[in-house]
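As the structure lists them, so they are numbered: ligands from 1, and atoms in each ligand from 1. No hydrogens, no waters, no symmetry mates; every other heavy atom, side chains included, goes into these values. Computed from a prediction, not measured in an experiment: that's the story for all the values here.
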Amino acid sequence: MPAFSWPSRYGVVEQSFHWLTLLLVVAAYLLSVGGSEARLYSDALDFQRRMHETAGVTVLGVTLLRLVWRTIDNQPKSPPMPLWMEISGQLMHWTLYLLLLAVPLTAIIGVWLAGHPLTLVSANNIGPWLAPAHDLGATIIEIHTWAGDAILWLVGLHAGAALFHHFILRDTVLTSMLPASFVRPRSPGDSPVKR
Ligand code: HEM
Ligand code: HEM
């Protein structure tokens, strides 16, 4: 399977970023710790909080790499569909990219302003690297929790749209993001595209 995308489907690099992101976002969500500041920083929840922050910071790193990769990899052509559907698909993708950056960044800025370091698994604590402003930090962390919920809802909608394309419209949108073994043989003119 080629690294770069084909006119009809995403290449192995983009697909790996995509499905790794799904795993990391779901892990960060499931590992999230709510409640009071005392509960959040209690010894009992130290490991879970570190796992949550580590998964979230990895989402940020993977998203930055993915956006860089996107500048050198062409996107596959969409199958024929109404313009409104094409535009809403694009809008959803860019909203997801925005949240993939905003969710971890609001958390990091929020905890630093609140006077806490970034606490990762098997790494020294990082920061706080911002001057303390506890109430502002707490507000930004609250925005983080809403944005963390919002990304999961949007992913549900996005996955639902992909399944609708596959089972109802019966086009190639879903298979374009799946490994080669899921895809019917390509047409002879279908070759990797590079800029
Ligand atoms: C895509 C990545 C992330 C997702 C989806 C996510 C999701 C969430 C969600 C849903 C909550 C609310 C939990 C609840 O109230 O029950 C939360 C809380 C929290 N997250 Fe994240 N998070 C991510 C990344 C991060 C990162 C990178 C950090 C690093 C600082 C972080 C730090 C926190 C903290 C400190 C809280 C507790 C806030 C509170 O309940 O007072 N998160 N996160
Ligand atoms: C955390 C979870 C997910 C995130 C953040 C996410 C994000 C994205 C983004 C940003 C793109 C656009 C890629 C680009 O053109 O640069 C995309 C494409 C795609 N995603 Fe997801 N996705 C997630 C989960 C899923 C799931 C669960 C499915 C299917 C069940 C799915 C199916 C697809 C398909 C088929 C495309 C290609 C759509 C097209 O080219 O029109 N995604 N995804």
Participant: How far is atom 11 (C) of ligand 1 from its nearest protein heavy atom, and which residue and atom is that?
Facilitator: Ser32 CB, 3.6 Å

Participant: For atom 14 (C) of ligand 1, what's the nearest protein heavy-atom neighbour? Residue, atom name and distance, please.
Facilitator: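 The protein heavy atom lying closest is Gly34 CA, 3.6 Å.
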
Participant: Hey, does Leu120 have a side-chain heavy atom less than 4.5 Å from the side chain of Arg50?
Facilitator: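 A side-chain contact is absent here, since even the closest heavy-atom pair is not under 4.5 Å.
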
Participant: Closest by any non-hydrogen atom to atom 42 (N) of ligand 2: pick that one out of His18, Arg70, Glu86.
Facilitator: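 Result: the heavy atom closest to atom 42 (N) of ligand 2 is in His18.
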
Participant: Identify, by atom number and element, the atoms of ligand 1 in contact range of Val57, meaning under 4.0 Å from any of its heavy atoms.
Facilitator: 27 (C)

Participant: Between Thr175 and His166, what is the shortest heavy-atom contact and its length?
Facilitator: CG2-CE1, 3.9 Å

Participant: Of all the heavy atoms in Gly35, does at least one lie under 4.0 Å from an atom in ligand 1?
Facilitator: yes

Participant: Atoms of ligand 2 less than 4.0 Å from Leu96 heavy atoms?
Facilitator: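 Taking each heavy atom of Leu96 in turn, ligand 2 has 6 (C), 7 (C) under 4.0 Å.
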
Participant: Which of these, Tyr10, Tyr29, Phe17, has its nearest heavy atom closest to atom 39 (C) of ligand 2?
Facilitator: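 Nearest option to atom 39 (C) of ligand 2, by heavy atoms: Tyr10.
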
Participant: Determine whether Trp94 and Leu91 satisfy the following criterion, side-chain contact (heavy atoms from CB on, under 4.5 Å), listing intermediate values before the conclusion.
Facilitator: CA-CA 5 Å; Trp94 287 107; Leu91 210 66; over 6 Å; no

Participant: Quick one about Arg49 and Thr119 (side-chain donor to acceptor, distance below 3.5 Å, no hydrogens or angles considered), yes or no?
Facilitator: yes

Participant: Would you call Leu100 and Val25 a side-chain contact if the rule is heavy atoms closer than 4.5 Å?
Facilitator: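 Touching, per the 4.5 Å side-chain cut-off.
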
Participant: Quick check: closest heavy atoms across Arg39 and Leu45, and the distance to 0.1 Å?
Facilitator: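 Of all heavy-atom pairs spanning Arg39 and Leu45, the closest is O-CD1, 3.4 Å.
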
Participant: May I ask you to identify the nearest protein heavy atom to atom 36 (C) of ligand 1, giving residue, atom name and distance to one decimal place in Å?
Facilitator: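 Looking only at protein heavy atoms, the one closest to atom 36 (C) of ligand 1 is Val33 O, 4.1 Å.
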
Participant: Quick check on His165 - does any of its heavy atoms sit under 4.0 Å from an atom of ligand 2?
Facilitator: no

Participant: Rounded to the nearest 0.5 Å, what separation is found between the CG atom of Leu40 and the NE2 atom of His52?
Facilitator: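 If I round to the nearest 0.5 Å, the distance is 8.5 Å.
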
Participant: How far apart are the closest heavy atoms of Leu118 and Trp112, and which atoms are they?
Facilitator: N-NE1, 3.5 Å

Participant: Which ligand 1 atoms, with their elements, are less than 4.0 angstrom from a heavy-atom of Ala107?
Facilitator: 25 (C), 26 (C), 28 (C), 29 (C), 30 (C), 31 (C), 32 (C), 42 (N)

Participant: Could you tell me the residue and atom name of the protein heavy atom closest to atom 7 (C) of ligand 1, and the distance to it rounded to 0.1 Å?
Facilitator: His52 CE1, 3.6 Å

Participant: Should the proximity of His144 to ligand 1, defined as any heavy atom under 4.0 Å, be assigned to the side chain, the backbone, both, or neither?
Facilitator: side chain

Participant: If we only count heavy atoms from C-beta on, is the Val57 to Ile126 side-chain gap below 4.5 Å?
Facilitator: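 A side-chain contact is absent here, since even the closest heavy-atom pair is not under 4.5 Å.
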
Participant: What atoms in ligand 1 come closer than 4.0 Å to a heavy atom of Leu40?
Facilitator: 35 (C), 37 (C)

Participant: Considering only protein heavy atoms, which is closest to atom 35 (C) of ligand 2, and at what distance to one decimal place?
Facilitator: Val173 O, 3.2 Å

Participant: Considering only protein heavy atoms, which is closest to atom 3 (C) of ligand 1, and at what distance to one decimal place?
Facilitator: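 Its nearest protein heavy-atom neighbour is Val103 CG1, 3.4 Å.
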
Participant: Which heavy atom of Ala162 sits nearest to which heavy atom of Leu174, and what is that distance?
Facilitator: O-CB, 3.8 Å

Participant: Which label fits Tyr41 and His116: parallel for a plane angle under 30°, tilted from 30 to 60°, or perpendicular past 60°?
Facilitator: parallel

Participant: Which of the numbered atoms in ligand 2 are under 4.0 angstrom from any heavy atom belonging to Gln75?
Facilitator: 15 (O)

Participant: To the nearest 0.5 Å, how far apart are CD in Glu37 and NE2 in His134?
Facilitator: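 Between Glu37 CD and His134 NE2, I get 3.5 Å after rounding to 0.5 Å.
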
Participant: Quick one: are Val111 and Pro128 in side-chain contact, heavy atoms under 4.5 Å?
Facilitator: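 Sidechains of Pro128 and Val111: no contact.
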
Participant: Considering only the protein, which heavy-atom contact is closest to atom 38 (C) of ligand 1, and what is its distance?
Facilitator: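 Here the nearest protein heavy atom works out to Ile141 CG2, 3.2 Å.
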
Participant: Which is the closest N/O/S atom of His158 when seen from atom 21 (Fe) of ligand 2?
Facilitator: NE2

Participant: So if you build clusters from Ile, Leu, Val, Met, Phe, Trp, Tyr with side-chain heavy-atom gaps below 4.5 Å, do Phe164 and Leu22 land together?
Facilitator: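 Different clusters: Phe164 never reaches Leu22 through Ile, Leu, Val, Met, Phe, Trp or Tyr contacts under 4.5 Å.
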
Participant: Give me the atom names and distance for the closest heavy-atom approach of Ile109 to Ile140.
Facilitator: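 Between these two residues, the closest heavy atoms are CG2-CD1, 4.2 Å.
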
Participant: Which residue owns the protein heavy atom closest to atom 29 (C) of ligand 2, what's the atom, and how far is it?
Facilitator: Trp19 CH2, 3.8 Å

Participant: Which bit of Met177 gets closer than 4.0 Å to ligand 2, counting heavy atoms only: side chain, backbone, both or neither?
Facilitator: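 For Met177, the contact with ligand 2 is made by the side chain alone.
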
Participant: Establish, from distance only, whether the side-chain atoms of Glu86 and Ser78 form a donor-acceptor pair under 3.5 Å.
Facilitator: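 Yes, side-chain donor-acceptor contact under 3.5 Å.
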
Participant: In terms of side-chain geometry, is the basic nitrogen of Asp73 or Arg70 positioned less than 4.0 Å from the acidic oxygen of its partner?
Facilitator: no

Participant: Under 4.0 Å from any heavy atom of Ala28, which atoms of ligand 1 are there?
Facilitator: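 Counting atoms of ligand 1 from 1, those under 4.0 Å from Ala28 are 2 (C), 3 (C), 4 (C).
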
Participant: What residue and atom, counting heavy atoms only, is the protein's closest point to atom 41 (O) of ligand 2, and at what distance?
Facilitator: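 Nearest neighbour among protein heavy atoms for atom 41 (O) of ligand 2, to 0.1 Å: His93 CE1, 3.7 Å.
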
Participant: Kindly identify the option in Ile151, Leu99, Leu100, Thr63 whose heavy atom sits closest to atom 5 (C) of ligand 2.
Facilitator: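 Looking at heavy atoms only, the winner is Leu100.
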
Participant: Out of curiosity, is Arg66 lining ligand 2, as in a heavy atom under 4.0 Å away?
Facilitator: yes

Participant: How far is atom 10 (C) of ligand 1 from its nearest protein heavy atom, and which residue and atom name does that atom have?
Facilitator: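 Looking at atom 10 (C) of ligand 1, the protein heavy atom closest to it is Asp149 OD1, 3.6 Å.
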
Participant: Ligand 1 versus Leu118, non-hydrogen atoms closer than 4.0 Å: side chain, backbone, both, neither?
Facilitator: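 The answer is the side chain of Leu118.
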
Participant: Should you measure from each heavy atom of Val111, which atoms of ligand 1 turn up under 4.0 Å away?
Facilitator: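 The atoms of ligand 1 under 4.0 Å from a heavy atom of Val111 are 30 (C), 35 (C).
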
Participant: For ligand 2, which atoms sit closer than 4.0 Å to a heavy atom of Val155?
Facilitator: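 Within the 4.0 Å cut-off of Val155, ligand 2 contributes 1 (C), 2 (C), 3 (C).
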
Participant: With atoms numbered from 1 as shown, which atoms in ligand 2 lie under 4.0 angstrom from a non-hydrogen atom of Tyr97?
Facilitator: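 Matching atoms, with element in brackets: 10 (C), 13 (C), 14 (C), 16 (O).
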
Participant: Can you sort out which atoms of ligand 2 are near Ala159, meaning under 4.0 Å from one of its heavy atoms?
Facilitator: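 Counting atoms of ligand 2 from 1, those under 4.0 Å from Ala159 are 26 (C), 27 (C), 30 (C).
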
Participant: When you compare the side chain of Met92 with that of Leu154, does any pair of heavy atoms fall below 4.5 Å?
Facilitator: yes

Participant: Mark up the atoms of ligand 1 that fall under 4.0 Å of a heavy atom belonging to Gly56, in ascending order.
Facilitator: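 It comes down to these atoms of ligand 1: 2 (C), 24 (C), 27 (C).
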
